[in-house]
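Because the structure is predicted, anything quoted here is derived from the model rather than measured. Atom set for the values below is all heavy atoms of this structure, side chains included, hydrogens, waters and symmetry mates excluded.
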Amino acid sequence: MTKGPPFKSYIQDIRPYEPGKPVKELQREYGIRHVIKLASNENPLGPSGKAIRAMRRAIRDVHLYPEGNCYYLLHRLARELGVDPETLVFGNGSNEIIELLGRGFLSEGDEALSSETAFLVYPILTQVCGAKYRAAPMKDHRFDLPAILAAITPRTKIIFIANPNNPTGTYVTAKEVEDFLAKVPENVVVCFDEAYVDFVDAEDFPKILPIVTAGRKNVILLRTFSKAYGLAGLRIGYGLASKEMVTYLNKIRQPFNVNSLAQAAATAALDDTFFRWRTKWLVVRGRQFFYRKLARLGLEYLPSQANFILVNMKTDGKEVYNFLLRQGMIVRPMGAYKMPEWIRVTIGRRSQNVQLIRLLKAYLSQKAV
Ligand SMILES: Cc1ncc(COP(=O)(O)O)c(C=O)c1O
C-alpha cells in the first residue's frame, strides 16, 4: 500500500490552467514600471463608474454575509433580459457555472465534448470530475457542429460550445445552431458559453436566449460580467437555463458563492449602458485597426467577434511573447492551445493597440536582419 493521501491519478495528471501574466508580476520580475497587459481579454476602460460607486456604498456591509441568492441582482438582471428570475443562476465567474455543470452532470466514465482549440477550462473541469474530454476537429478555426454531433456517444453528458470561441474569436451561425439543436439528443446538456457576446456584430450570430426561454430543457447559456462590464476581478457570471436545471445547479453551489461587492457592482453596471456602449465601440474600432495594421505587416490573423485577435507570427510564438514582455507588453502565447506559432492579443485602448503594432513591427524588423 502506498503511504500518504489518496491522490486521484486523473487529478494529478491535470495540466493547470495558465492565466495571463499579471501586470505586477512583470513589474517585479523585469523592473519595468509601465506595463500594458493585452493578455486576458479584460476591459481596457476599467470598471464602470457606477459599479465603483456601488461598491463604495456596499463596502460598509462586508462584515455581513452576502445575499445567498443575489436578490437585487437577480431581479435587475431578469428585468434586463426579460426572463423569469427562477431561470438564472449566478457564479463566482461564469467559470464556476462551468464547474457546477461538471459536478452536476459528469461522473467517472462519462464524456464531455467540445472542439479542439476551445476554452481550456472545459478539459480541466472534465478531468477534475474523472470524466473523459473529447474534442471534435475544427473547420477553418471554427467549431464544426456536425463533427461534434458525429462524436456524441452514449456516454456524452455535456457539450461545451464557446460562441464566440476563446481563443479563436470565431463563431457558429444561427443556422448551424438550429441544425445542431434539431439533432442533438435531449439527454445531453448543451452549454453555450457567451462570455464574449457583448462584442458581436455579426448578423447571423445565433440567439440562444429565446431558445432557453421557449422551454428547451437541455440548453444552458453562460454569460459573464468579466469582459464588457469590466468586473473580472470581482468574479461574477451567470447561467440561464430551465427552472429545473437552475434549481439543480443551485443545490451544488456554495451558499454564498457570489460576494457582496460583486453583486452590488454588477447590479449597478447593468444600469451603465453608456459604459457598455463605449466598450463595444472601442472593441469594434480596435478590431478594424488591428486588421488593417496586421495586414500591412503581412501577418495572418483570424477575424474575430470577440475582444481579442489571434495572430499567426509564423515563428515560435513564445519567442515573440518574451520579446514583448521585455518591452513591457503582455500578450498570450498559444502553446497551451497547440497553436505554438500564434499569439492572442486583447483589444486595448487606442494608444495600447498602437504600441503593440509598433512592437510587432520592431520584432519583425530585428528578425529580418
Ligand atoms: C470562453 C470563456 N468562457 C468563460 C470564461 C470565464 O469567465 P469568468 O469566469 O471570468 O466569468 C472565459 C474567460 O476568459 C472565457 O474565455
Side-chain angles (χ1 to χ4, degrees), residues 18-27 29-46 117 141 164-171 196 198-202 227-228 230 232 277-337 339-369:
E18 272 179 50
K21 196 174 190 63
V23 170
K24 291 212 162 63
E25 190 176 299
L26 183 63
Q27 287 172 330
E29 286 176 0
Y30 287 64
I32 302 173
R33 265 212 306 179
H34 185 67
V35 169
I36 298 174
K37 184 182 178 204
L38 299 178
S40 299
N41 308 334
E42 293 147 336
N43 192 323
L45 295 177
T117 328
H141 301 290
N165 180 43
N166 174 16
T168 55
T170 53
Y171 70 104
Y196 300 97
D198 303 283
F199 308 115
V200 167
D201 60 4
K227 313 291 175 184
W277 175 84
R278 266 181 72 208
T279 302
K280 181 165 181 181
W281 186 80
L282 190 86
V283 167
V284 171
R285 288 270 307 249
R287 286 198 300 239
Q288 298 304 331
F289 170 84
F290 273 118
Y291 295 166
R292 270 198 321 275
K293 298 291 181 183
L294 291 169
R296 217 171 282 166
L297 292 178
L299 292 170
E300 182 195 2
Y301 60 86
L302 299 185
S304 169
Q305 284 293 301
N307 63 343
F308 54 83
I309 301 180
L310 263 194
V311 185
N312 188 353
M313 297 303 301
K314 295 253 162 66
T315 178
D316 180 7
K318 196 76 197 252
E319 187 187 300
V320 183
Y321 166 76
N322 285 325
F323 172 87
L324 294 174
L325 274 190
R326 289 194 294 275
Q327 316 295 323
M329 171 72 70
I330 314 175
V331 299
R332 197 70 161 262
M334 286 287 108
Y337 286 90
M339 296 179 83
E341 299 202 327
W342 297 69
I343 56 169
R344 193 192 65 197
V345 303
T346 301
I347 316 272
R349 290 195 306 271
R350 172 129 185 129
S351 58
Q352 299 175 319
N353 301 341
V354 167
Q355 174 67 353
L356 177 58
I357 290 294
R358 216 177 269 147
L359 292 174
L360 287 178
K361 203 169 174 179
Y363 174 81
L364 292 172
S365 46
Q366 59 110 51
K367 187 97 180 147
V369 232

For a 4.5 angstrom cut-off between non-hydrogen side-chain atoms, does [X] reach [Y]?
X    : Y    : answer
P44  : Q352 : yes
R287 : F199 : yes
H141 : W342 : yes
T279 : D198 : no
V35  : Y30  : no

Working note: F308 + R332, criterion side chain to side chain contact (heavy atoms under 4.5 Å, CB included); need CA distance, chi angles, decisive distance, verdict. CA-CA 10 Å; F308 54 83; R332 197 70 161 262; over 6 Å; no

Output yes when a side-chain donor or acceptor of [X] lies under 3.5 Å from a complementary backbone atom of [Y], and no otherwise.
X    : Y    : result
Q305 : D201 : yes
N43  : A228 : yes
E25  : P22  : no
N165 : T117 : yes
N307 : I347 : no
S40  : E42  : no
R350 : L282 : no
K280 : V200 : yes

R344 side chain to N166 side chain, donor-acceptor N/O pair below 3.5 angstrom: yes

Compute whether any side-chain donor of one residue and acceptor of the other, for Q355 and R358, lie under 3.5 angstrom apart. yes

For the student: nearest non-hydrogen atoms of [X] and [Y], plus distance:
X    : Y    : answer
F289 : V354 : CZ-CG2, 3.8 Å
T315 : Y363 : CG2-OH, 3.7 Å
E341 : K314 : OE1-CA, 3.6 Å
L325 : I32  : O-CD1, 3.6 Å
Y321 : P333 : CD1-CD, 3.5 Å
G20  : A39  : CA-CB, 4.4 Å

Before giving the answer on ring-ring contact (aromatic ring centres under 6.0 Å, His included), spell out for Y196 and Y171 the whole-Å C-alpha distance, their side-chain angles and the decisive distance to 0.1 Å. CA-CA 10 Å; Y196 300 97; Y171 70 104; over 10 Å; no

If I take atom [atom1] from residue [X] and atom [atom2] from residue [Y], how far apart are they, to the nearest 0.5 angstrom?
X    : Y    : atom1 : atom2 : value
K361 : L299 : NZ    : CG    : 12.0 Å
K37  : K24  : NZ    : NZ    : 11.0 Å
L356 : I343 : CG    : CD1   : 6.5 Å
L310 : M339 : CG    : CE    : 5.0 Å
L360 : Q327 : CG    : CD    : 11.0 Å
Y301 : N312 : OH    : CG    : 13.0 Å

Could you tell me whether E18 atom CD has more than 12 heavy atoms of other residues or ligands within 6.0 Å of it? no

